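I have placed the structure first, in the form of structure tokens, so that the comments after it can refer back to it.
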Amino acid sequence: MDWGTDLWDQYDGIDKHTQSGLDLVDRYVKFVKERTEIEQNYAKQLRNLSKKYLKRGSKEEQECGFTNHQSFQDILNELNDYAGQRELIAEHMMTGICVELTKYLQDLKQERKTYLADAKKAQQNLEISFKQLENTKRRFAKEWGEAEKATQQAEKIENDTNAIKADVEKVKQHAHVKTHTAEECRNDYAAQLQKYNKEQNTFYYTEIPQLFNKLQDMDERRIRSLAEGYSQFADIEKKVLPIITKCLDGISMAGRNTNGKQDSMRFIEQHKSGFERPAEVDFEDYSQGIKPASSDANLNQPKIRTKLWPFSHKKTKVCTLHTTSHTTLH
């Protein structure tokens with residue numbers, strides 16, 4: 001079964017069907033373009049997010065010595081690489097699907113236009129031939145009618161005993177001319193009819209089937225190309241999945257590389273002073289002995305420890321305690 005054989009009289013239907021197919025290709029291209037825009041925007045947002053939280057500078061470098069800080073930086077770097085793969089998907093979809101199908105669509109439009117135009121031209125030529133057939137038919141009918149009338153008139157005059165011989169010959173000659181003209185018109189009509197039937201046969205059994213079959217072939221090629229574009233929509237992403245998986249594995253590895261005990265040990269190594277803890281405070285008894293002179297009173301005042309805990313007034317990463325007074329023992 002093919003269009004040329006089974007749809008020989010469905011020009012309008014084929015016209016509409018093939019146009020609908022081209023419209024579908026155009027819609028799919030627009031769909032993929034919007035998908036690429038989503039991927040590009042997604043990748044851009046991921047990059048900006050990664051950049052926002054990525055630490056830089058000496059202070060951050062010190063913090064990155066801890067596994068939980070470094071792992072977060074590793075996650076941000078992997079996310080940045082992941083964004084690059086999303087950009088790659090968008091790029092390949094644009095070049096491999098949108099650009100290729102758009103170019104192919106233009107070729108299909110021109111091809112379809114040519115076939116439909118050829119079909120219309122063939123139809124117009126057949127219509128012109130049919131009009132010529134109708135004209136020769138009407139002329140034949142007209143001339144044959146006049147010839148019959150002239151013949152009847154000649155017979156009537158010839159049978160009239162009162163008719164003049166010259167008039168009889170004149171009427172007979174006129175009838176002969178009309179009959180000859182009618183015969184020529186009859187031959188023209190027969191020839192034109194033969195010509196038209198041949199052209200009609202060629203139109204319905206050769207020209208139209210060939211053109212409609214070409215349109216069928218074009219439409220099937222369009223469908224195959226569109227099907228390939230459908231598959232590419234997934235295949236393009238599948239090609240980068242191994243790298244995306246590596247990015248995700250890197251993020252998982254960052255979680256496994258985070259070690260609380262190791263970070264605690266590193267913090268100890270960075271901040272331990274090496275000093276011994278303070279010894280017990282001795283009791284100083286000021287109730288015994290002679291009170292000192294007023295001039296030496298300040299020599300025997302209770303000693304106040306200025307620092308009870310190993311916390312300094314300097315700001316650190318942990319909250320600090322400031323000791324401003326001390327209650328002495330009595």
Side-chain angles (χ1 to χ4, degrees), residues 40-88 240-330:
Q40 289 168 344
N41 291 333
Y42 178 45
K44 182 179 180 181
Q45 290 174 351
L46 289 178
R47 287 193 184 278
N48 290 338
L49 180 64
S50 176
K51 183 178 180 181
K52 178 180 178 181
Y53 285 91
L54 195 64
K55 291 185 176 181
R56 295 181 177 84
S58 58
K59 180 180 178 182
E60 287 77 8
E61 289 174 359
Q62 291 178 2
E63 290 179 342
C64 286
F66 299 102
T67 61
N68 61 110
H69 285 271
Q70 183 58 52
S71 291
F72 183 45
Q73 298 307 300
D74 292 342
I75 289 173
L76 296 175
N77 288 328
E78 293 291 353
L79 186 64
N80 192 62
D81 292 342
Y82 177 87
Q85 297 309 306
R86 306 315 303 189
E87 290 173 338
L88 200 60
V240 301
L241 277 181
I243 301 178
I244 288 178
T245 300
K246 286 183 179 180
C247 293
L248 297 177
D249 288 343
I251 292 175
S252 298
M253 181 64 70
R256 292 191 294 271
N257 289 340
T258 303
N259 189 308
K261 191 66 176 178
Q262 181 180 330
D263 286 354
S264 292
M265 294 300 101
R266 183 178 181 84
F267 180 72
I268 292 172
E269 291 298 326
Q270 287 182 349
H271 296 282
K272 67 180 180 179
S273 65
F275 297 129
E276 295 293 333
R277 290 178 177 83
E280 292 184 355
V281 178
D282 295 333
F283 179 76
E284 299 180 34
D285 192 355
Y286 294 96
S287 63
Q288 303 299 323
I290 301 172
K291 292 183 180 180
S294 61
S295 60
D296 298 327
N298 60 338
L299 297 177
N300 295 309
Q301 291 297 319
K303 296 179 181 179
I304 301 175
R305 295 171 61 87
T306 60
K307 185 176 181 183
L308 294 180
W309 298 92
F311 298 111
S312 65
H313 291 282
K314 182 180 179 181
K315 293 182 179 179
T316 63
K317 295 181 181 63
V318 297
C319 60
T320 57
L321 299 177
H322 301 283
T323 303
T324 55
S325 62
H326 173 67
T327 304
T328 58
L329 296 175
H330 297 286

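This one's a predicted model, so the numbers in the text were calculated from it and none came from an experiment. Keep in mind that the numbers below use all heavy atoms, side chains included, and drop hydrogens, waters and symmetry copies.
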Exercise for review: Work out which heavy atom in Arg47 is nearest to a heavy atom in Ala83; give both atom names and the distance.
Suggested key: CG-CB, 3.7 Å
Exercise for review: Compare every heavy atom of Arg86 with every heavy atom of Ala43, then report the nearest pair and how far apart it is.
Suggested key: CB-CB, 4.0 Å
**Study point:** Ser50 side-chain N/O to Leu46 backbone N/O, donor-acceptor pair under 3.5 Å
**Key:** no
Study note, to complete from the structure: Output for pair (Ile251 CD1, Arg256 CZ), nearest 0.5 Å, gives 11.5 Å
Review point. How are the rings of Tyr82 and Tyr42 set relative to one another: parallel (under 30°), tilted (30 to 60°) or perpendicular (over 60°)?
Key: perpendicular
Study note, to complete from the structure: One should read off an interatomic distance between Leu241 CG and Cys247 SG, to the nearest 0.5 angstrom, of 11.0 Å
Exercise for review: Run the numbers on Met253 and Glu78 for side chain to side chain contact (heavy atoms under 4.5 Å, CB included), then give the verdict.
Suggested key: CA-CA 11 Å; Met253 181 64 70; Glu78 293 291 353; over 6 Å; no
Check your understanding: Can you tell me how far CG of Leu248 sits from CG of Leu79, rounded to the nearest 0.5 angstrom?
Key -> 9.5 Å
**Study point:** Side chain proximity check, Lys246 to Pro242, heavy atoms < 4.5 angstrom
**Key:** no
Point to revise | From CA spacing to verdict: side chain to side chain contact (heavy atoms under 4.5 Å, CB included), Met265, Glu269 | key: CA-CA 6 Å; Met265 294 300 101; Glu269 291 298 326; 5.6 Å; no
**Study point:** Beyond-backbone contact of Leu49 with Gln45, side-chain heavy atoms, under 4.5 angstrom
**Key:** no
Check your understanding: Side chain of Asn80, backbone of Leu76: donor and acceptor closer than 3.5 Å?
Key -> no
Review point. At their closest point, which heavy atom of Gln85 faces which heavy atom of Ile244, and how far apart are they?
Key: CB-CG1, 3.7 Å
Practice item. Would you please name every residue forming a side chain to side chain contact (heavy atoms under 4.5 Å, CB included) with Arg277, sequence neighbours left out? Key: none
Exercise for review: Look only at the side chain of Ser71 and the backbone of Gly255, and say whether a donor-acceptor pair between them is shorter than 3.5 Å.
Suggested key: no
Exercise for review: Classify the side-chain pair Thr67/Asp263 by whether it contains a donor and acceptor separated by less than 3.5 Å.
Suggested key: yes
